[in-house]
Amino acid sequence: MRVWWNGKISRKAMVLSPQDRGLTLGDGVFDTLLVRDGVPLWRFEHVERLRAAAGELGLPFPEEEVDNAVDALSHKAKGHHVLRLTLTRGEGGRGLAAPAGKATLIGTLAPFDAKLQFQPVTLMTSAVRRNLASPASRLKTLSYVDNVLAAREAAAAGRDDALMLNSSGRVACTTIGNVFVEVDGGLATPALGEGILPGVMRGAVIAAARRCGIAIKEKQLRPADIARADGMFVTNSLRYIRSVRRCDERRFTARSKLLDGIIRDVLNAEQD
């Protein structure tokens with residue numbers, strides 16, 4: 001694993017302050033992107049999302065250091081890797097609103113198994129709900145405990161991932177991806193106001209569908225919409241686009257030609 005720490009690639013043990021608010025309060029944000037043969041894919045979109053999340057939390061955004069970290073970590077990295085950027089408010093005293101010092105930026109690069117891409121997935125609906133009224137529901141904050149609990153629930157049930165509903169009982173996302181359903185020859189996906197992360201691959205799929213002339217709606221979805229759907233898939237920047245074989249008791253057949261067209265378009269756009 002490569003580690004970016006204190007403004008450079010570090011080969012020494014990283015010493016994090018016990019007063020860092022990212023550690024003590026989860027007061028920070030992160031983002032992950034795929035690096036393939038030294039090229040960070042969808043780089044602009046991921047960095048912009050990290051910048052926007054930092055802005056919502058009032059975190060300073062060290063733009064030059066972020067760019068340097070991505071460059072240094074991805075340089076000459078052969079094969080598939082996952083690059084993670086973690087930004088915290090830094091050291092701070094007691095009290096939730098206490099002022100903090102310099103922001104902490106940590107970058108890591110680790111190998112990623114490309115076999116996980118496009119791999120079909122089975123889902124179960126988790127008892128853990130997404131709070132659609134919380135700003136954190138649309139950010140990759142360092143407080144990911146709801147997703148962790150839902151993922152553990154799914155693993156215990158023998159499923160690959162958990163479908164998470166929001167606090168109004170509507171479809172939100174999985175623990176690591178956005179949800180799409182195929183209905184009447186078109187696509188539908190939960191709207192951003194439903195307590196979901198604005199996924200980079202989600203945006204790529206929406207753009208691909210429009211280029212392919214496929215009707216797509218961002219809307220409220222209910223579990224009943226999944227029950228009547230012709231197909232279902234989930235998206236993630238590392239695992240790309242994965243068809244759902246089963247969601248609770250609903251089983252789906254082989255991947256549709258509609259999805260095949262979207263995958264081809266997304267892969268072509270990735271090269272541009």
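- Within the 4.5 Å cutoff, the side chain of Leu187 has heavy atoms near those of the Ile214 side chain.
- Remark: side-chain polar atoms of Arg129 are paired, donor with acceptor, to backbone N or O of Asn166 under 3.5 angstrom.
- In the hydrophobic clustering of this structure, Phe112 does not group with Val70; members are Ile, Leu, Val, Met, Phe, Trp, Tyr whose side-chain heavy atoms approach within less than 4.5 Å, directly or through other members.
- Under the 3.5 Å distance criterion, with hydrogens and angles disregarded, a donor-acceptor pair is assigned to the side chains of Glu153 and Ser126.
- Residues Leu123 and Met232 approach most closely at CD1-CE, 3.7 Å, considering heavy atoms.
- Taking the side chain as every heavy atom from C-beta outward, Leu163 and Cys247 approach each other to under 4.5 Å.
- Between Phe61 and Val47, the closest side-chain pair of non-hydrogen atoms falls below 4.5 Å.
- Using a 4.0 Å cut-off between a side-chain N of Lys or Arg and a carboxylate O of Asp or Glu, Arg21 and Glu91 do not qualify as a salt bridge.
- Put simply, the side chain of Ile106 does not reach to within 4.5 Å of the side chain of Trp4, judged on heavy atoms.
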Using the rule given for side chain to side chain contact (heavy atoms under 4.5 Å, CB included), can you reason through Asp225 versus Gln220, listing the C-alpha separation, both sets of side-chain angles and the distance that settles it, and then say yes or no? CA-CA 10 Å; Asp225 293 314; Gln220 294 179 351; over 6 Å; no
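- In this model, no donor atom of one side chain and acceptor atom of the other lie less than 3.5 Å apart for Ser137 and Asn131.
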Evaluate the criterion side chain to side chain contact (heavy atoms under 4.5 Å, CB included) for residue pair Leu34 and Val82; output intermediate values, then yes/no. CA-CA 5 Å; Leu34 184 68; Val82 55; 5.6 Å; no
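- Hydrophobic cluster membership is shared by Ile241 and Leu258, with clusters built from Ile, Leu, Val, Met, Phe, Trp and Tyr side chains linked at under 4.5 angstrom.
- Looking at every heavy atom in both residues, Ala188 comes nearest to Lys219 through CB-CD, 4.0 Å.
- Transitive grouping of hydrophobic side chains (ILVMFWY, heavy atoms separated by less than 4.5 Å) keeps Val3 and Leu73 in distinct clusters.
- Considering every non-hydrogen atom in both Leu132 and Gly193, the closest pair reads CB-O, 4.1 Å.
- The closest side-chain heavy-atom distance from Cys173 to Leu197 is not below 4.5 Å.
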Practice task
Check the pair Leu165, Val171 against side chain to side chain contact (heavy atoms under 4.5 Å, CB included), reporting the backbone distance first and the verdict last.
Solution key: CA-CA 5 Å; Leu165 307 181; Val171 176; 4.2 Å; yes
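- Ring geometry for Tyr144 against Phe30 counts as perpendicular: the plane angle is over 60°, on a 0 to 90° scale with 30° as the lower cut.
- No side-chain donor-acceptor contact under 3.5 Å links Asp20 to the backbone of Leu16.
- In terms of heavy atoms, Phe252 sits closest to Ile226 at CZ-O, 3.9 Å.
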- request: Test salt bridge (Lys or Arg N to Asp or Glu O under 4.0 Å) on Asp67 and Arg43 and set out the steps.
  value: CA-CA 10 Å; Asp67 285 339; Arg43 173 177 179 159; 3.8 Å; yes
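- With rounding to the nearest 0.5 Å, the separation of CD1 in Ile176 from CG in Leu238 is 8.0 Å.
- Side chains of Leu105 and Thr86 form no contact here, defined as non-hydrogen atoms less than 4.5 Å apart.
- Judged by distance alone, the side chain of Arg239 and the main-chain N or O of Leu116 form no donor-acceptor pair under 3.5 Å.
- Remark: Arg51 does not engage Glu56 in a salt bridge, criterion side-chain N to carboxylate O under 4.0 Å.
- Here the CD atom belonging to Glu63 is positioned 12.0 Å from the CD atom belonging to Glu65, to the nearest 0.5 angstrom.
- Between the side chains of Ser74 and His81, no donor-acceptor pair of N or O atoms lies under 3.5 Å.
- For the pair His46 (side chain) and Thr32 (backbone), a donor-acceptor distance under 3.5 Å is present.
- The backbone N or O of Arg202 lies less than 3.5 Å from no partner atom in the side chain of Asn178, so there is not a single donor-acceptor pair.
- Remark: the backbone N or O of Thr125 is paired with a side-chain donor or acceptor of Asp248 at under 3.5 angstrom.
- Between Val29 and Lys140 there is no side-chain heavy-atom pair separated by less than 4.5 Å.
- Atom CH2 of Trp5 is separated from atom OG1 of Thr108 by 12.5 Å, given to the nearest 0.5 angstrom.
- Put simply, the side chain of Arg49 reaches to within 4.5 Å of the side chain of Val200, judged on heavy atoms.
- Put simply, OG1 on Thr24 and CD on Gln19 are 8.5 Å apart, with the number rounded to the nearest 0.5 Å.
- Cation-pi geometry between Arg242 and Tyr240 is not met at under 6.0 angstrom from the ring centre and within 45 degrees of the axis.
- Criterion: ILVMFWY side-chain heavy atoms under 4.5 Å apart, direct or through other members. Under it, Leu87 and Leu23 are not part of a common hydrophobic cluster.
- For Ala157 against Met124, the heavy-atom pair with the smallest separation is CB-SD, 3.4 Å.
- In summary, the side chains of Ser243 and Arg245 do not present any donor paired with an acceptor at a separation below 3.5 Å, with no hydrogens or angles considered.
- Enclosure of atom CZ in Arg222 is not indicated, since only 12 or fewer non-hydrogen atoms of other residues, nucleotides or ligands lie within 6.0 angstrom.
- Closest of all the heavy-atom pairs between Thr175 and Ala150 is CG2-CB, 3.7 Å.
- In terms of modelled atom types and a separation under 3.5 Å, the side chain of Arg246 and the main chain of Arg251 share no donor-acceptor contact.
- Without hydrogens or angle criteria, Thr122 side chain to Asp160 main chain gives a donor-acceptor distance under 3.5 Å.
- Grouped by direct or indirect side-chain proximity (heavy atoms under 4.5 Å, Ile/Leu/Val/Met/Phe/Trp/Tyr only), Met164 sits with Val128, Val145, Leu149.
- Here the side chain of Arg138 pairs no donor or acceptor atom with the backbone of Glu194 at under 3.5 angstrom.
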Fill in: Candidate pair Gln117 and His80, rule side chain to side chain contact (heavy atoms under 4.5 Å, CB included), full reasoning
CA-CA 11 Å; Gln117 294 177 339; His80 290 71; 4.0 Å; yes
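- Thr189 places a side-chain N or O within 3.5 Å of a backbone atom of Val179 that can act as its donor or acceptor partner.
- A salt bridge is defined here as a Lys NZ or Arg NE, NH1 or NH2 lying under 4.0 Å from an Asp or Glu carboxylate O, and Asp265 with Arg210 fails to meet this definition.
- One hydrophobic cluster, built from ILVMFWY side chains closer than 4.5 Å, cannot hold both Val244 and Ile196; they sit in different ones.
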